[in-house]
Amino acid sequence: MYITHIASEFAPIAKAGGLGDVVSGLAKAHQSQGHQLEVILPKYDCILFNQIQNLQVAYRDLWTTEGGQRYNNTIWSANYGDITLYLIEPHHPQYYFNRGSIYGATDDINRFTYFSNAALAFLLHAKKSPQVLHLHDWPTALVAPLYKDLYAQRGLKVGAIAFTIHNLEHQGKCSGSVLERWGLKAENYLIPEKMQDPFSPLLVNLLKGAIVYADGINTVSPTYEKEIQTAEGGCGLQETLAKYRSKIRGILNGIDESYWNPSTDSFLLHSYITHPPLTQEKVALAFAAKQNNKKELLLSLGLTSTDKPLVISITRLATQKGPELILHGINRTLEKGGQFILLGSLAQPEILSLFVALQKREEKNKNLAIIFEHDESLAHRLYAAADMLLVPSLFEPCGLTQMIAMRYGTVPIVRRTGGLADTVFDVETSSVPTAQKNGFSFDYPDYAGVDWALDRAIALYCDHPTQWQLLASQGMQYDFSWKKSAKEYLRYYKEIGKTDRKSKSSPAKSEKEHS
Ligand code: ADP
């Protein structure tokens with residue numbers, strides 16, 4: 001199958017969070033199963049250029065129009081392993097992708113709608129006809145209506161459009177005039193059946209546009225698929241999602257096990273095997289290596305080297321991630337005699353100030369480190385050194401950190417929501433067979449919930465080390481690879497490719513056809 005992703009992230013070369021991991025993990029899995037893969041990305045100045053190969057100009061002089069003005073673009077090609085990347089470089093006075101970071105600019109809507117339009121212009125110009133065009137979250141959502149209402153008429157042929165909702169919270173709401181820049185008449189889209197935002201009727205909602213226009217939609221876990229169709233989890237789009245229920249699937253993310261593998265991880269001083277089949281000897285070696293990694297890590301961060309339980313959190317410091325619960329978890333861990341390391345990135349000022357205050361108060365505490373950075377190397381060393389990972393999210397579409405942690409023999413403590421509920425099975429309360437239990441969870445996102453799960457974890461670690469190792473080794477044995485999920489994606493691609501022509505035309509056309 002010929003699959004083209006249009007995405008704003010691709011790990012590890014352009015990554016802000018899990019979306020980047022998913023695009024590259026899924027693309028690699030499909031490529032290794034013999035499919036033809038391409039990924040179109042913006043040519044950010046912050047791409048890790050030393051990790052891609054064969055960077056060269058593929059097309060010069062791709063002209064695109066924005067609000068009546070023509071701009072030239074250069075399309076670069078490169079390889080990441082066996083995957084072909086196309087990087088779009090606009091020659092534009094706003095230097096859209098030379099901002100030093102992927103997101104966070106005040107004109108992100110302009111940047112990513114520019115990219116969406118240019119990606120389609122490139123496919124048309126290069127006469128490419130992918131069987132599946134796979135889009136991801138609001139940054140590339142506009143591709144779906146742009147293709148169906150403009151580019152299909154211009155001659156671009158795409159088998160089916162797949163849209164993945166990695167996080168429904170961010171929807172790309174903007175003035176209708178944004179659509180005019182790309183040649184779509186705002187008044188045709190500012191209606192409830194199309195892209196009108198349910199809360200702000202004067203705004204268009206890019207993510208809603210993809211829900212309406214894509215041939216298939218999927219969320220990144222089965223539980224999140226159900227949650228987003230409720231008033232509580234639908235972020236205002238529950239009615240639109242209910243209307244298009246028949247085209248939504250929940251497909252659990254995998255992790256890229258060639259990248260997240262403690263036996264080959266070049267960031268670790270002490271490597272260890274966690275892949276099945278695991279013998280008792282291998283498990284013992286894994287815990288010995290983890291202990292050595294822990295010593296090295298604590299020393300490098302200036303913390304006391306001890307046998308105390310080490311709890312970590314590796315996260316964006318966003319409201320979604322339960323920052324107050326993380327803060328509470330830190331205090332509780334210290335009270336219970338443990339150590340805590342938080343690696344947190346991209347914090348809003350009010351969230352950041354909570355942790356800065358704690359950091360100041362505990363300045364001399366050698367059992368706590370708080371690091372405000374996105375640090376890939378440190379993340380790997382933390383997964384390998386820690387005993388427990390705390391993820392108290394208010395909602396979590398899938399969550400990758402709990403799966404990575406288990407692969408590294410670190411036991412997850414999570415709130416039972418979204419993909420966390422689909423991957424972490426509590427040692428006491430879960431109904432799965434005993435041999436499949438792999439962590440601790442709590443239902444309500446409050447302090448009592450965190451205490452209940454954390455206390456049980458710390459008690460098991462301190463009082464029953466053999467049982468602890470058994471639990472951690474059960475987590476290691478889970479198959480969180482992309483193999484299974486990649487197959488599910490293929491089945492889904494085939495299904496949406498088969499949808500009849502009438503239902504695949506744009507909603508506008510369908511309405512006319514019905515009248
Ligand atoms: P989200 O996509 O909502 O941020 P996920 O759990 O799906 O959360 O994915 C997070 C990914 O980003 C994981 O690969 C995790 O290791 C990584 N990550 C999160 N925060 C940091 C950080 N501060 N430094 C390094 N890596 C991080």
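In each ligand, atom 1 is the first atom listed, and ligand 1 is the first ligand listed.
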Contact check, side chains of [X] and [Y], non-hydrogen atoms, under 4.5 Å:
X: Leu41; Y: Ile13; result: yes
X: Arg415; Y: Leu325; result: no
X: Asn331; Y: Leu358; result: yes

Would one find an N or O of [X], backbone or side chain, under 3.5 Å from an N or O of ligand 1?
X: Lys321; value: yes
X: Gly18; value: yes
X: Gly17; value: no
X: Arg316; value: yes

What is the closest protein heavy atom to [atom], and at what distance does it sit?
atom: atom 6 (O) of ligand 1; answer: Leu400 N, 2.9 Å
atom: atom 18 (N) of ligand 1; answer: Ile314 CG2, 3.9 Å
atom: atom 13 (C) of ligand 1; answer: Asp21 OD2, 3.7 Å
atom: atom 26 (N) of ligand 1; answer: His374 CE1, 3.4 Å
atom: atom 15 (C) of ligand 1; answer: Tyr383 OH, 3.5 Å

Is the shortest side-chain N to carboxylate O distance from [X] to [Y] below 4.0 Å?
X: Arg332; Y: Glu335; result: yes
X: Glu257; Y: Lys483; result: no
X: Glu488; Y: Arg249; result: no
X: Asp108; Y: Arg99; result: no

Trp260 and His380 aromatic ring geometry - parallel, tilted or perpendicular at 30°/60° bounds: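 Ring orientation, 0 to 90° scale: parallel.
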Provide the number and element of each atom of ligand 1 under 4.0 Å from a heavy atom of Trp260.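 It comes down to these atoms of ligand 1: 14 (O).
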Atoms in ligand 1 with a heavy atom of Ile404 nearer than 4.0 Å: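 Within the 4.0 Å cut-off of Ile404, ligand 1 contributes 14 (O).
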Centroid-centroid distance, His5 to Phe10, less than 6.0 Å: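 No, the ring centres sit 6.0 Å or more apart.
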Tell me yes or no: between the side chains of Thr423 and Tyr478, is some donor less than 3.5 Å from an acceptor?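 On atom types as modelled, these side chains do not qualify, holding no pair under 3.5 Å.
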Tell me the contacting part of Tyr259 for ligand 1: side chain, backbone, both, or neither, using a 4.0 Å heavy-atom threshold, strictly below.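 Under 4.0 Å from ligand 1, Tyr259 contributes no heavy atoms.
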Applying a heavy-atom cut-off of 4.0 Å, say which part of Asp375 lies close to ligand 1: side chain, backbone, both or neither.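 Under 4.0 Å from ligand 1, Asp375 contributes backbone atoms alone.
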Measuring from atom 23 (N) of ligand 1, which candidate in Lys15, Glu373, Glu169, Met403 has the nearest non-hydrogen atom?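 The residue whose heavy atom sits nearest atom 23 (N) of ligand 1 is Glu373.
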Check for me whether Cys398 has a heavy atom closer than 4.0 Å to any atom of ligand 1.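 No.
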Should Gln402 be listed as contacting ligand 1, given a heavy-atom distance under 4.0 Å as the test?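 Not so, Gln402 does not reach ligand 1.
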